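Fair warning: this is a prediction, and the values are worked out from it, not measured in the lab. Order of appearance sets the numbers: ligands from 1, and atoms from 1 within every ligand. The chain is numbered in sequence order, starting from 1.
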Amino acid sequence: MPLPEDLESCRLCSERFVTTHTAHRPKPVVWFRPGAPILVASQAPGLRAHTSGKPFDDPSGVRLRDWMGVGEETFWNKDHVAIVPMGFCFPGYDLKGSDLPPPRLCAATWRDAALAHVGQPQVRLLIGGYAQDWHLGKGRVTDRVRDWRALAPRVFCLPHPSWRNTGWIKRHPWFETDVLPTLRTAIQDALTR
Ligand code: SF4
């Protein structure tokens, strides 16, 4: 199994990325170390994270930190939060400007090793359909988020915090009133243990 140390130099998707609308090169955003009590299992870095090298360095990150009830200092502290996406590189945009999916090859190559490297986090956030399908098998994001009591407080399925899901959040007010307070309590418990 490849070691996470090799991950930063991975260029397996060079040919794939050069054919995207953004025609960029691979640049893995590696943001985890052993022992973090919180795992953010996410989708893939956005363009801003690709540029800065920091995951969730964008409005999605602002929203995610609000959901978690933590500030930047805690969120970007690798001793607190391990961020392990389904694709470690920005996958690029399609012609309509939408994010392309994370390359399947990435999770197949790196995910087991990266998760083993992190260890046994106390709380796992599964963000979006790609991460949820990988960890739990096929299912619908809305059903999983609605069914949050089945896995809380160790696992929380969340929609992607992108502005594209603002309508979803408005249509499902129980997410903010019921799920988020429990999530924030679980995060605080994990951080203070
Ligand atoms: S997305 Fe994953 S597999 Fe592809 S180049 Fe980046 S690190 Fe490597």
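- With a heavy-atom cut-off of 4.0 Å, C106 touches ligand 1 through backbone and side chain alike.
- With sequence neighbours left out, the ring pair (Phe, Tyr, Trp, His ring centres under 6.0 Å) criterion links W148 to no other residue.
- Residue nearest to atom 6 (Fe) of ligand 1, selected from A107, C89, A108: C89 (by heavy-atom distance).
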Item to complete: Start with the C-alpha distance between T166 and R63, add both sets of side-chain angles, then the distance that settles side-chain hydrogen bond (donor to acceptor under 3.5 Å, both in side chains), and finish with yes or no.
Response: CA-CA 10 Å; T166 298; R63 177 176 268 169; 3.0 Å; yes
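- Residue L7 approaches ligand 1 through these ligand atoms, each under 4.0 Å from one of its heavy atoms: 7 (S).
- Per-residue contacts place P26 under 4.0 angstrom from the following atoms of ligand 1 (heavy atoms of the residue considered): 5 (S).
- No more than 12 heavy atoms of other residues, nucleotides or ligands sit less than 6.0 Å from atom CZ of R104.
- Of the candidates C10, S9, P45, C13, it is C10 that places a heavy atom closest to atom 7 (S) of ligand 1.
- Salt-bridge formation is not detected for the pair D178/R146: no Lys NZ or Arg NE/NH1/NH2 atom is positioned less than 4.0 Å from an Asp or Glu carboxylate oxygen.
- Against a heavy-atom cut-off of under 4.0 Å, P28 is close to the following atoms of ligand 1: 7 (S).
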In residues 31-39, what donor-acceptor pairs under 3.5 Å come from side-chain atoms, sequence neighbours left out?
residue : atom : partner : partner atom : Å
R33     : NH1  : D79     : OD1          : 3.2
R33     : NH1  : D79     : OD2          : 3.4

